[in-house]
Amino acid sequence: MSLALAAGLLLLLAPSATAAPVLVLDHGRVRTENDRFVPDTPLPAALARAAIARPVARAADATVRATLDRLLASHQISQGTHDAKIGVWEDALRVRGRLGGTAQAEQTAAINVVGSLAKRGQITASRLNLIFVQLQRNTTWWGTADRIPAAGERVRNISSRVLFQYVPGQGLQFHPLANWGRDQSLLRYGYTAQGLAMANELIPLGSRRGSALAWEYLFYFDGGAPPWTSGLSQGTALIALTAAYRRSHNARYANVAREALRLYDLRAPLGVRVPSRYGAYYAEYSFAPSYRIINGFIQALNGLWDTWHGLGDPHAAQLFGSGEADARRALPYFDLGHWSRYSNRGEISDLNYHVLLRDFLSGLCQRSHIAIYCTKASRFSYYLRHFGGPGKLPPGTRLV
């Protein structure tokens, strides 16, 4: 599976009149809720064909327990936290034992995510919330829900606003971009109380990557092993956090945004910074720094601009300037004269990615008034009107 196919998981669309379906689990019953703030993005077919999970190994069980014991012994977590996570782990194993079929396979997959992280030494104190919230949501869903989601469907529990996405063979997976994108939209369109409440749920799911706070992905694809992060999802988080601060004047959101900002200082794969001849490129995938995806880079700049101006942060200004110096020189490559390129690997944007890039460029134009972003946004709109989509592109054009 290529990164380009898997990138469908990261696609973010603006809110529209067409509401996206979310499956809501309410005490064992699943109902569909149409939510116009959630992007309706299908799971790439290649990722939907993931292998069925293997049974959890005894070694993984022992390693998870030993990891939590070690964090307790080193005073990185409290006895209460240790016991709570052990309880989630034991409940996951117990529920798995009474399941069958797809539910058992996907619960096994969710358990194996935790076991794999433990065996690779990736369970840290700061990551515990995300890892065990995800495991608990899988246990609740597979253990009680009266419906198996379709590949790529978004789900949530009735008691929570946090979205997960069904990745067959990898269970329900936390989706940072979808969550922060929804939060950004709530705040943008005036739903302040709901937006602040969602931000308050998302902030504790952040993890430490060096000096930075980031919201990580815990699924595998194309050689990328979790936990990994993205300049695109982090930029969207910055937009939402800055908006939360401006709506509430609560310093907590500003402080979290400044911690998140540091991801752009850290070189990939720990962070997303990739030094360039002109400044820096901010990677869409922390584990693939040479893969330059233009829409994610532009959205990272939008997040940095908002942090700079929303918080008056000089470091955000510096990071924006470094990235913008690279982006203005790179952007002409992605303009084919009749459509847009998706990446530096030569893929051509499909219709959704072309619109996404146009929208992110429009956002950067409205923020900065820098001519090249305004010009390219206008040109890409022109291509939509006159070419109508990739089906009208020259024969042999390779789409992402």
- Task: Would you please test Arg182 and Asp35 for salt bridge (Lys or Arg N to Asp or Glu O under 4.0 Å) and show each step?
- Result: CA-CA 9 Å; Arg182 183 178 188 274; Asp35 188 335; 2.6 Å; yes
- Message: Centre-to-centre under 6.0 Å for Tyr166 and Trp142, is that the case here?
- Response: yes
- Task: Look at the aromatic rings of Phe387 and Tyr383 and report parallel, tilted or perpendicular, splitting at 30° and 60°.
- Result: perpendicular
- Item | Donor-acceptor contact present, side-chain Gln134 to main-chain Phe174, <3.5 Å | yes
- Whether Gln165 side chain and Gly152 backbone form a donor-acceptor pair below 3.5 Å: yes
- Message: Within the structure provided, determine whether Val22 and Leu163 are in side-chain contact (heavy-atom separation under 4.5 Å).
- Response: yes
- Message: Is the ring pair His249/Tyr245 parallel, tilted or perpendicular, if the boundaries are 30 and 60 degrees?
- Response: perpendicular
- Query: Is the side chain of Asn179 donor-acceptor paired with the backbone N or O of Val162 at a distance under 3.5 Å, no angle test?
  - Reply: no
- State the OG-CZ distance between Ser290 and Arg345, to the nearest 0.5 angstrom. 6.0 Å
- Item | Validation row, ring centre His175 to ring centre Phe164 under 6.0 Å | no
- Taking the side chain as C-beta and beyond, is there a heavy-atom pair between Val114 and Phe132 under 4.5 Å? yes
- Does Arg94 pair with Glu90 as a salt bridge, N-O distance under 4.0 Å? no
- Task: Verify, without hydrogens or angle tests, whether Arg120 (side chain) and Pro226 (backbone) share a donor-acceptor contact under 3.5 angstrom.
- Result: yes
- Message: Can you give me the closest heavy-atom contact between Val274 and Ala283, atom names plus distance?
- Response: CG2-CB, 4.2 Å
- Query: Of the non-hydrogen atoms in Leu213 and Arg208, which two are nearest, and what is the gap between them?
  - Reply: N-NH1, 4.0 Å
- Do any pairs count as a disulfide bond (SG atoms under 2.5 Å apart) and have a residue in residues 284-366, sequence neighbours left out, and if so which ones? Cys365-Cys374
- Output field: ring centroids Tyr191/Tyr189 closer than 6.0 Å: no
- Item | Salt-bridge contact Glu347-Arg341 (side-chain N to carboxylate O under 4.0 Å) | no
- In this structure, are over 12 heavy atoms from other groups packed under 6.0 Å from Tyr382 atom OH? no
- Query: Would you say Ile203 and Leu205 are hydrophobically clustered, going by side-chain heavy atoms of ILVMFWY under 4.5 Å?
  - Reply: yes
- Between Arg65 and Asp69, is there a salt bridge with N-O shorter than 4.0 Å? no
- Where do His82 and Leu68 come nearest, in terms of heavy atoms and distance? CD2-O, 3.3 Å
- Does a side-chain N-to-carboxylate-O contact under 4.0 Å join Arg147 and Glu153? yes
- Query: Should we count CZ of Arg246 as having more than 12 external heavy atoms under 6.0 Å?
  - Reply: no
- Is any side-chain heavy atom of Asp326 closer than 4.5 Å to a side-chain heavy atom of Arg292? yes
- Aromatic ring centroids of Trp228 and Tyr220 under 6.0 Å? no
- Message: Checking the side chain of Ser343 only, and the main-chain atoms of Ile293 only, is there a donor and an acceptor separated by less than 3.5 Å?
- Response: no
- Between the CG atom in Leu186 and the CG atom in Leu196, the distance rounded to the nearest 0.5 Å is 10.0 Å
- Query: Mind checking whether Tyr278 and Phe320 sit in one hydrophobic cluster, side chains of I, L, V, M, F, W, Y counted as touching below 4.5 Å?
  - Reply: no
- Supply the atom-to-atom distance Ile123 CD1 to Ile131 CD1, rounded to the nearest 0.5 angstrom. 4.5 Å
- Take Leu25 and Arg156, measure what side chain to side chain contact (heavy atoms under 4.5 Å, CB included) needs, and give me the verdict at the end. CA-CA 6 Å; Leu25 178 61; Arg156 68 176 180 87; over 6 Å; no
- Residues Pro289 and Ser286: closest non-hydrogen pair is CD-O, 4.0 Å
- Message: I want to check something: taking the side chain as every heavy atom from C-beta on, are His354 and Ser340 in contact at a cut-off of under 4.5 Å?
- Response: yes
- Atom pair CZ (Phe334) and CZ (Phe380), whose distance is rounded to the nearest 0.5 Å: 9.5 Å
- Neighbour count above 12 (heavy atom, 6.0 Å) for Arg267 CZ: no
- Message: Rounded at 0.5 Å granularity, tell me how far CG in Asp91 sits from CD1 in Ile86.
- Response: 12.5 Å
- Query: With no hydrogens and no angle check, is any side-chain donor or acceptor of Arg329 less than 3.5 Å from a backbone partner on Ala325?
  - Reply: yes
- Query: Under a 4.5 Å cut-off applied to non-hydrogen side-chain atoms, are Arg137 and Gln173 in contact?
  - Reply: no
- Query: Going from CZ on Arg188 to CD1 on Ile239, what distance comes out if it is rounded to the nearest 0.5 angstrom?
  - Reply: 9.5 Å
- Query: Does Ser322 use its side chain to pair, donor to acceptor, with the backbone of Gln318 at less than 3.5 Å?
  - Reply: no
- Step through the shown structure and confirm whether more than 12 heavy atoms of other residues, nucleotides or ligands are within 6.0 Å of CZ on Arg29. no
- Message: Can you confirm whether Asn302 sits close enough to Arg367 that some side-chain heavy atom of one is under 4.5 Å from a side-chain heavy atom of the other?
- Response: yes
- Message: Test side chain to side chain contact (heavy atoms under 4.5 Å, CB included) on Val155 and Val24; report intermediate values, then the result.
- Response: CA-CA 6 Å; Val155 309; Val24 180; over 6 Å; no
- Leu23 backbone acceptor or donor facing Thr32 side chain under 3.5 Å: no
- With a 4.5 Å limit on heavy-atom distance, are the side chains of Gln170 and Leu218 in contact? no
- Task: Take the angle between the ring planes of Trp215 and Trp180 and call it parallel below 30°, perpendicular above 60°, tilted in between.
- Result: perpendicular
- Test: Arg262 and Asp265 ion pair at under 4.0 Å: no
- Note on the structure: Between Pro227 and Arg209 the two heavy atoms that sit nearest each other are O-NH1, 3.1 Å
- Message: Keeping Ser368 on the side-chain end and Leu364 on the backbone end, is there a donor-acceptor pair under 3.5 Å?
- Response: yes
- Does Arg273 make a cation-pi contact with Tyr282, if we ask for NZ or CZ under 6.0 Å from the ring centre and within 45° of the axis? no
- Query: Do you see a donor-acceptor pair shorter than 3.5 Å between the side chains of Tyr373 and Glu324?
  - Reply: yes
- What about Trp305 and Leu319, same hydrophobic cluster or not, with Ile/Leu/Val/Met/Phe/Trp/Tyr joined at side-chain heavy-atom distances under 4.5 Å? yes
- Message: Ring centroids only, cut at 6.0 angstrom: are Tyr281 and Phe297 within range, meaning strictly under it?
- Response: yes
- Exercise: identify the closest heavy-atom pair between Arg96 and Gln104: O-NE2, 3.6 Å
- Query: Donor-acceptor pair, Gln107 side chain versus Ala92 backbone, under 3.5 Å?
  - Reply: yes
- When you look at Val113 and Asn138, which way does the side chain to side chain contact (heavy atoms under 4.5 Å, CB included) test go after all the steps? CA-CA 11 Å; Val113 167; Asn138 273 274; over 6 Å; no
- Query: Should Gln299 and Thr236 count as side-chain neighbours, where that means a heavy-atom distance under 4.5 Å?
  - Reply: yes
